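A short write-up of the structure that comes next.
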Amino acid sequence: MSANVRAPRGTHDVLPDDAARRAVVEDAAARILGAAGYRRIETPAFEATELFARGVGASTDIVQKEMYTFEDGSGRSLTLRPEGTAPVCRAYIEHGMQKLPQPVKLWYLSSFFRYERAQAGRQRQFWQVGTEAIGSADPALDAESIVLLADLLDALGVRELRLRLSSLGTPETRAAYRAELQAYLRAHAERLSEEVRGRIDSNPLRAFDADHSGTREVMQGAPLLLDRLTGEDAEHFAQVRALLDEAGLTYEVDPTLVRGLDYYARTVFEFTSDALGAQSGVGGGGRYDGLIEQLGGPATPGVGWAAGIERMLLAADAQAVGEPVVDLFVAYAGAEHRAAGFQIAHEARRAGLAAQLELAGRSLKGQLKQADRIGARYVAILGEEGATVKEMDSGEQVVVEPGGVIHHVLRGRTL
RNA sequence: GUGGGCGUAGCUCAGCUGGUAGAGCUCCUGGUUGUGGUCCAGGCGGUCGGGGGUUCGAGUCCCCUCGCUCACCCCA
């Protein structure tokens, strides 16, 4: 390894070409979510550690081993945000948004941080676009939320998408089911993998995801949460499904769908793309009706999702991003004309043109080459006879007064 | 944290059984004493990831280490 400093593991520079593709994502999100009444919010990049410990759940991998936690100068424990829902809920409480018309619909596009081993589609600093709709338990809100994500993924051309859907019930149902599942797992403990056995207390639901053959056999006969939903929860789920059906969305009900954060209740969903590698989830979310209360606010329902920018782009057809337009490149035949060129380039920009000036001391030949590379439509060459304005496509050129360059280009632009 | 693969110029790569480094592309200059896209010539650019060992000699062999990458785990 060379002695040069590199970007830390799991981080990367967003270079100009990539930044242009991201701008497409941001524009699509702003358009689609804005049309549905969502307004942008941005929360701090770091928060009190306690927010995530309480909000995300102490037993989750995120809290147990993936947080970037540090002390600031006064000894406060802070953590780089590993996800977006808890911070937005914190902001909802802190700013008294329960006094606004409900639901409060918010979206964000921010970076998040998790200390994990990087691989394709998984970075230590990653970007997500996400929504949170807080203050209503209406199943229409769940369905609308899912449809919005589907629209965004569709607009971006994300390939080979699949939507999985389930319901976790209310916290009470979930707790009762959890006890039932734990009892079942304990009864078959000897056939379970060591890892799953060790998680019976902390996260029994995850047993459904195990690859271990003995565990899989046991899970074939395990009780399913979907079968234990109360009448209200079952009805809520049925209404979400009916609305999605009506919207023409294809999905698969997967009773084993488990999301890795503790705050989910009732509806949960995840979009995956088979065009991706092992990290196939492009976006997912669900309802978190108990979270606001958990964080010290009034009992308030909410639903939201997050989608990974890097993963959406990986799974999307490479969309050609248009080259930036350059109206004018100002070249000069000798250094004594540089000051005049500087002024013309500046004035051209004030007149609304995209204008660039030779800035590297190239030979005239090199300057024309540069103008060609950046796709300039006109080049103004300043010299003894005045300004030679050359139209690059045709190669035609005319000599004008230096003060007439901008007028000439402006006229040509409308042709 | 655990495995597999890979580390030679900015990029893509070559370098045979060890003899001390090359090509293409890019960039700059010149051919055209003031003019692009083609062509020709030249130039810039590498302690061959790092350290140690074997050897008269290591980019080539051995050991260690760091990094990148894919996967496990988990998620966006």
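Lettering of chains follows the sequences in order, A, B, ..., and the numbering in each one begins at 1. Keep in mind the model is a prediction, meaning the values are calculated, not measured.
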So for [X] and [N], does any side-chain atom that can act as donor or acceptor lie under 3.5 Å from a complementary atom in the base?
X: A:T388; N: B:G34; value: yes
X: A:K390; N: B:G36; value: yes
X: A:E384; N: B:G34; value: no
X: A:R122; N: B:C70; value: no

What integer distance in Å separates [X]:[atom1] from [N]:[atom2]?
X: A:L368; N: B:G31; atom1: CG; atom2: P; result: 15 Å
X: A:R114; N: B:C73; atom1: CZ; atom2: P; result: 17 Å
X: A:R164; N: B:C75; atom1: CZ; atom2: C1'; result: 12 Å
X: A:R124; N: B:U69; atom1: CZ; atom2: C1'; result: 14 Å
X: A:I309; N: B:A76; atom1: CD1; atom2: P; result: 14 Å
X: A:D372; N: B:G36; atom1: CG; atom2: P; result: 10 Å
X: A:Y332; N: B:U35; atom1: OH; atom2: P; result: 16 Å
X: A:Q397; N: B:G37; atom1: CD; atom2: C1'; result: 15 Å

Between [N] and [X], is there an OP1 or OP2 to side-chain N/O distance shorter than 4.0 Å?
X: A:R9; N: B:U69; value: no
X: A:R117; N: B:C72; value: no
X: A:R373; N: B:C28; value: yes
X: A:Q119; N: B:U69; value: no

Discussion item. I need the single residue from A:E26, A:R21, A:Q128, A:R22 that forms a side chain to side chain contact (heavy atoms under 4.5 Å, CB included) with A:I309. Which is it?
Written reply: A:R22
Worksheet entry | Distance between P atoms of B:C16 and B:U8 (Å, rounded) | 15 Å
Item to complete: Could you work out the separation of B:G37 and B:C25 based on their P atoms and round it to a whole Å?
Response: 15 Å
Taking [X] for its side chain and [Y] for its backbone only, find out whether a donor-acceptor pair lies under 3.5 Å.
X: A:Y263; Y: A:A86; value: no
X: A:R311; Y: A:G281; value: yes
X: A:H236; Y: A:A137; value: yes

Discussion item. Is the base of B:A76 stacked against the aromatic ring of A:F112, taking ring centres under 5.5 Å apart and planes under 30° as the test?
Written reply: no
Item to complete: Choose from B:G30, B:C74, B:G36 the nucleotide whose nearest atom is closest to any side-chain atom of A:S363.
Response: B:G30
Fill in: Per A:Q279 side chain, nearest of listed nucleotides B:C74, B:C70, B:A76
B:C74
Discussion item. Just to verify, which of A:R9, A:E116, A:H12, A:E310 counts as forming a side-chain hydrogen bond (donor to acceptor under 3.5 Å, both in side chains) with A:Q123?
Written reply: A:H12
